[in-house]
Amino acid sequence: MIDINLIRDNPELVKENIRKKFQDKKLGLVDEIIALDGKKRALQQEGDSRRAQRNSLAKNIGLLMREGKKEEAEKAKLLSKENNDRIAVIEAESAEAENRLKTCMMSIPNIIADDVPIGRDDSENVQGKVFLEAKEKPFEVPYHLDILESLGGIDLDAARRTSGNGFYYLLGDVARLHSAVLTYARDFMIDKGFTYCIPPFMIRSDVVSGVMSFEEMEGMMYKIEGEDLYLIGTSEHSMIGRFMGEVLNEASLPQTLTSYSPCFRKEKGAHGIEERGIYRIHQFEKQEMIVICKPEESDSWYEKLWNYTVELFVSMEIPVRQLVCCSGDLADLKYKSCDIEAWSPRQKKYFEVGSCSNLTDAQARRLGIRYKNSQTGKNEYAHTLNNTVVAPPRMLIAFLENHLQKDGSVYIPEVLRKYMGGKDKILPKK
RNA sequence: GCAGAGAUGGCGGAGUGGUCGAACGCGCACGACUCGAAAUCGUGUUACGUAGGAAUACGUACGGGGGUUCAAAUCCCUCUCUCUGCGCCA
């Protein structure tokens, strides 16, 4: 949600931003917001003076009662009742205007960064930097499921029986590798100065509706029957929710946190669980990083964050690239975003393994995350950023494809060996 | 899960229907005293919204939501959380 003052002062800028995102159907909302805002303010002024009247009448009635002037008090009561009827009407109108205003404000996209490439959809995203050479293998690389099976590392048949499509049993060294990647990533982020956090894996509906739109909620979130609880789709939900409605001490910023959690997703959206294997599943585990900082610091944090992910993947000897999200592909809350994509030697292309976003104050305004600015003494909205450190099931695809050897074994890079009991490779099951 | 008690400003804590945005204390800011400091004294010190250039004025908010009343921190309903005891459980 953007600052309404921006719409009051500079509606053209907001409209231009909407055009850049190819959401021209929303242009009318800007004028509607200006009208609603004016209406709301007019209603508030009348309401306020009516309420002032109610207060003074009530005060007067109290006085009259004490002086024993019962008749006069009764007369004043009637007057007050009349006034209150009018207040009720104004309040109803005002609530209606405010609701509509909020709905409109929620669909106005955040102002995007100047350097976001302009484009309609994901086909116009722009490749940024490339890290490590994306090499082709001298032999044919099998589908990741076949590699997993050759290592004795997965049982999808049983998972389908116990839980349905979109779940897996990981086994043996592959399961260990999965945990090793998470643990290594955790330590990697701790070394960068981040605070490790294990958050709640279920959150209440008010938190859910704070962090996502109703449509997103329908398509992603699993609800616990008979409880006001949802399974988190990412730890960002509970990590950001932690600061809802808070006024943070300026000295406590930046908050730099890295969190572990399982993630649960319905994946009801465009693709569904169609990809074979562990690319898109209902349950996976993820190490995440979030930053809450002062506005002037969010740009530099954004650069640092996505580079951490790159550094992590490079240390595991997996080629990656940055893919810069274009204006049309950018979610409404985002100021700027990029994906980190890993190289797939089988498909001979890159695929998404993480996503880094700077939401500036849009998410913070929606959730009421503020800090006390010591210069101005005012409470101001903080900036929020989030980024994937690593989500092992999906990154395992890149890992297996890149580190598969001709003999069917899988090479384990140096940095992971201490988490793998010293092993330098995983051998296929004969 | 059951029973009881409770949730008030940055913190502690009073207030049980009207003059309460809220006593008192702590903290914080400014000023006086002082060569300087401590102590002391004085003044100020919630947030949000609307109007205004500003001083300011008005409104809203006493865990969240709803209700009763001319009037709610105070009465009623409900939800959440905390404490105590019992129960249950890794």
A:Asn55 (side chain) and B:rG59 (base): donor-acceptor pair under 3.5 Å:
no
State whether A:Arg370 places a side-chain N or O below 4.0 Å from either non-bridging phosphate oxygen (OP1 or OP2) of B:rC48.
yes
Honestly, is A:Arg186 close enough over A:Tyr260, meaning NZ or CZ under 6.0 Å from the six-membered ring centre and within 45° of the axis?
no
Could you state the NZ-P distance from A:Lys81 to B:rU69, rounded to the nearest angstrom?
7 Å
Measure the distance from CG on A:Asp48 to C1' on B:rU60 and round it to the nearest whole Å.
8 Å
Is the phosphate of B:rU60, meaning OP1 or OP2, less than 4.0 Å from a side-chain N or O of A:Arg54?
yes
A:Tyr230 ring centre to A:Lys223 NZ or CZ under 6.0 Å, with the angle to the axis within 45°?
yes
For A:Glu98 and B:rC48, give me the distance from atom CD to atom P, rounded to whole Å.
16 Å
Between B:rC28 (P) and A:Lys372 (NZ): distance, integer Å:
16 Å
Can you tell me if A:Arg51 touches the phosphate of B:rA57, counting only side-chain N or O atoms and a distance under 4.0 Å to OP1 or OP2?
no
Could you tell me whether A:Arg365 contacts a base, only the sugar-phosphate backbone, or nothing, with contacts defined as non-hydrogen atoms closer than 4.0 Å?
nothing
Report which part of the nucleic acid A:Ala52 touches: base, sugar-phosphate, or nothing (heavy-atom distance under 4.0 Å, all strands).
sugar-phosphate
Between C1' of B:rU19 and CE of A:Met65, the distance in whole Å:
16 Å
On a whole-Å scale, what distance lies between the C1' atoms belonging to B:rG6 and B:rG59?
31 Å
Using only side-chain N and O atoms of A:Lys59, determine if any of them is under 4.0 Å from OP1 or OP2 of B:rG18.
no
Once you apply a heavy-atom cut-off of 4.0 Å, does A:Asn84 come out as touching a base, just sugar-phosphate, or nothing?
sugar-phosphate
For A:Gln45, report the nucleic acid contact type (base, sugar-phosphate, nothing); a contact means any heavy atom under 4.0 Å.
sugar-phosphate
Measure the distance from CD on A:Gln53 to C1' on B:rC70 and round it to the nearest whole Å.
12 Å
By the 4.0 Å heavy-atom rule, please label A:Arg204 as base, sugar-phosphate, or nothing.
sugar-phosphate
Would you indicate what A:Leu57 reaches in the nucleic acid, counting non-hydrogen atoms under 4.0 angstrom: base, sugar-phosphate, or nothing?
nothing
note: A:Asn249, atom CG; B:rG27, atom C1'; distance rounded to Å ~ 14 Å
Within less than 4.0 Å of OP1 or OP2 of B:rA51, is there a side-chain N or O belonging to A:Arg41?
yes
Just to be sure I understand the rule, does A:Asn379 reach a base, reach only the sugar-phosphate, or reach nothing, if contact means heavy atoms closer than 4.0 Å?
sugar-phosphate
Are the side chain of A:Asp339 and the backbone N or O of A:Glu341 linked by a donor-acceptor pair below 3.5 Å?
no
Integer-rounded Å distance: B:rA51 C1' and A:Lys40 NZ:
13 Å
